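All values below come from the heavy atoms of this structure, side chains included, with hydrogens, waters and symmetry mates left out. These numbers were taken from a predicted model, which means no experiment stands behind them.
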Amino acid sequence: MTNHGSTTLEALNKKIETVLGDRIILKPLTRWNETYKEFPRYVMEYLVARYVDPLAPVVGQRKIDSVLSEHYTESAKRELIKSRIKEAGEYTLLGQLTVRLDQYKDHYWADVPALGDNTVRVSQRVLAEYRDVLMTSGAWGTMAIEYDATYEIKGKKFPFYIREFTPFQITRLDVDDYIAKRRAFEDEEWLDLLVQSIGFNPTRFSRRVKILMMLRLVPFVESNFNLIELGPRETGKTYTYRNTSNRGFIVSGGKATPATLFYNKGTRRLGVIGLKHVVFFDEIANTRFDDAEASISVLKDYMQTGKFTRGDQEFTGQCSIVLGGNIDTDVENSRPADKYDHLFAVLPAELQDTAFLDRIHAYLPGWEMPKIRPDNYATGPGFMTDYMAEIFAELRRLNFQTHIAAKASFEGMTGRNQDAIKKTAAGLLKLLHPHLSPDELLPRVAEDLLEIAVEMRKRVIDQLAKLQPSEFAGVTYGYRLQGRKYDL
């Protein structure tokens, strides 16, 4: 069992409950039914918080079973649900909702995947209350949908109308309060709380693995952060990016098009990189880019500048890019199989471009991550996922690179290497020590973060040196931390 000074994990759990109150949930309560794995974790946590008594969970869990059975619909039943709305005049539906402005019709439209309809009308009251979240990331919730066959625009009927909406996630919060609460915890306690909050039992992992789990979260708190993780299957990569925030989007193999990623000229709508905080390319080895040369060129430019151009329009985004995939591993020794000439070898040929790969800030060694088994899941309380996701969104607004710059100076590094290391260290600092000002940041803490950040960037450059030694061989990573020189 992990110790936190004289405090056991059991005592830490009691401390979490005392200090954090309604911001937390007992994580095991959401896992009674495997058929609900398709739902984002924050949806299940919302329902559990509303209906389940931790001391007598079965009654509440049955209530949730009933709610989902009655109000959630699979895609195959869309037409049946539409019929029910028409016949009853109104129906309460559980699902995801986003809203867009159609400037050409001067009209707001809701996109309701549960109906397969992106031209659903929405009330002004719902817009006024939840405009910010619905027009950016969207939200899950319950919606009261009415049917009015008399509403027309230029002879076309738009009968569905969302009268009410109740989101399953927090839409407003105080990040200063979160930062203040951090001061009540020791460093290792806070690390274990975050591990528990993303659904894992901190006593099952080494500190090194827990820090790598935090590195997976950096794209959620640091804008325009580019990460790659290659490793064996079933180590929690996809699980983390699917369940941490509704502001993440997963591209699951198959074909990635400029319209999906950047901008659809036909519908005049931004793609996921323009809308989301994190885009995770799952099974990157199997991803194929439509019009590969153009797509990779735009993506490469975006990963460097945060901008992309489609036609005569230029867009700016803050989306972080994560490449995830599988690589054959020597499990016994926790290292990649010897058969690879370099550690980018499993990527599609069009991505094995040194200029593109040099944009990656950190290479997380996925071969060090253990396979996730049921006994690795969290058994105690952690932050509610919707609360944590909103906190992460607020932390993206803060610039912690100034903290790193105030403590460290980098000697002989290229600007791109410096930026990569600062961004990685700043992201970890936001997660682990959000309460520290630059003056409060101790050298030992900065050293720990910089050591990880340098290692992750160095892994990128070491592989590039195998691809193009004339440009990337012999790179140095020296820096000074309060007068002391570090050479790596």
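In plain terms, the two heavy atoms of Leu194 and Leu431 that are nearest each other are CD1-O, 3.3 Å. Nearest heavy atoms, Leu323 versus Phe280: C-CE1, 4.4 Å. Listed here is the closest heavy atom pair of Glu186 and Glu189: N-OE1, 2.8 Å. Closest approach of Glu17 to Ile24, counting heavy atoms only: CA-CD1, 3.5 Å. Summarising the geometry of Ala393 relative to His277, their closest heavy-atom pair is CB-CE1, 3.9 Å, with the distance given to 0.1 Å. Taking each heavy atom of Leu481 and Pro443 in turn, the nearest pair found is CD2-O, 3.4 Å.
Remark: side-chain polar atoms of Glu368 are not paired, donor with acceptor, to backbone N or O of Ser334 under 3.5 angstrom. Between the side chain of Glu350 and the main chain of Glu293, no donor-acceptor pair closer than 3.5 Å is present. Looking only at distances, a side-chain donor or acceptor of Lys430 sits under 3.5 Å from a matching main-chain atom of Leu398. The backbone N or O of Phe185 sits less than 3.5 Å from a side-chain atom of Arg182, completing a donor-acceptor pair. Of the possible donor and acceptor atoms, one in the side chain of Ser320 sits under 3.5 Å from a partner among the backbone N and O of Glu222.
Inter-residue side-chain proximity for Pro202 and Met213 is flagged as unmet; no heavy-atom pair is nearer than 4.5 Å. Between Leu97 and Leu134, some side-chain heavy-atom pair lies under the 4.5 Å cut-off. Taking 4.5 Å as the limit, some side-chain heavy atom of Gln96 sits within range of a side-chain heavy atom of Trp140. Proximity of Asp282 to Tyr241: side-chain heavy atoms (C-beta onward) are nowhere separated by under 4.5 Å. In this structure, Leu217 and Val221 have side chains that are not in contact, with every pair of non-hydrogen atoms separated by 4.5 Å or more. Inter-residue side-chain proximity for Pro370 and Val209 is flagged as met; some heavy-atom pair is nearer than 4.5 Å.
With respect to Asp375 and Arg204, a salt bridge is recorded, a charged nitrogen being found less than 4.0 Å from a carboxylate O. Contact check on Asp177 versus Arg23 returns a salt bridge, with a Lys/Arg side-chain nitrogen under 4.0 Å from an Asp/Glu carboxylate oxygen. Between Lys210 and Asp192 there is a salt bridge, with a side-chain nitrogen of the basic residue lying less than 4.0 Å from a carboxylate oxygen of the acidic one. We find that Asp358 and Arg457 are joined by a salt bridge, their nearest charged nitrogen and carboxylate oxygen being less than 4.0 Å apart.
In this structure, the separation between CD1 on Ile421 and CE on Met456 is 12.0 Å, given to the nearest 0.5 Å. In this structure, the separation between CD on Gln304 and CG on Leu299 is 12.0 Å, given to the nearest 0.5 Å. The CZ atom of Arg100 lies 4.5 Å from the CG atom of Asn118; values are rounded to the nearest 0.5 Å. Atom-to-atom distance recorded for Leu215:CG and Thr424:OG1 is 6.5 Å, nearest 0.5 angstrom. One finds the NZ atom of Lys300 at 4.0 Å from the CG atom of Asp353 (value rounded to the nearest 0.5 Å).
Other residues, nucleotides and ligands contribute more than 12 heavy atoms inside 6.0 Å of the CD atom of Gln468. At most 12 non-hydrogen atoms from other residues, nucleotides or ligands lie less than 6.0 angstrom from CD of Gln318. Counting heavy atoms of neighbouring residues, nucleotides and ligands inside a 6.0 Å radius, atom NZ of Lys307 does not exceed 12 of them. Residue-environment remark: CD (Glu314) exceeds the threshold of 12 foreign heavy atoms within 6.0 Å.
The aromatic rings of Phe400 and His403 sit parallel, their planes meeting at an angle under 30°, below the 60° perpendicular limit.
Using modelled atom types, one finds a donor on one side chain and an acceptor on the other under 3.5 Å when comparing Asn13 with Gln196. Counting only N and O atoms by type, the side chains of Asp439 and Ser437 include no donor and acceptor under 3.5 Å apart. For Arg268 and Tyr104, the side-chain atoms include at least one donor-acceptor pair closer than 3.5 Å.
Residues Phe200 and Tyr239 place their aromatic rings such that the two centres sit under 6.0 Å apart. Centroid-to-centroid, the aromatic rings of Tyr263 and Phe308 stay 6.0 Å apart or farther.
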If you look only at distance, which donor and acceptor atoms sit under 3.5 Å apart when one is on a side chain in residues 223-233 and the other is two or more places apart or in another chain?
residue, atom, partner, partner atom, Å
Asn224, ND2, Tyr302, OH, 3.2
Asn224, ND2, Gly317, O, 3.0
Asn226, ND2, Met303, O, 3.1
Asn226, ND2, Arg359, O, 3.0
Glu229, OE1, Arg216, NE, 3.0
Glu229, OE2, Arg216, NE, 3.4
Glu229, OE2, Arg216, NH2, 2.7

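Annotation: cation-pi geometry not satisfied between Lys27 and Tyr377 (NZ/CZ under 6.0 angstrom from ring centroid, within 45° of ring axis).
Among residues two or more places apart in sequence or in another chain, the ring pair (Phe, Tyr, Trp, His ring centres under 6.0 Å) test is passed with Phe383 by Tyr178, Trp190, Tyr387.
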Inset, instruction - With side-chain contact (heavy atoms from CB on, under 4.5 Å) as the test, would you mind laying out the steps for Asp301 and Ser297 before giving the verdict? - result: CA-CA 6 Å; Asp301 187 49; Ser297 177; 5.8 Å; no

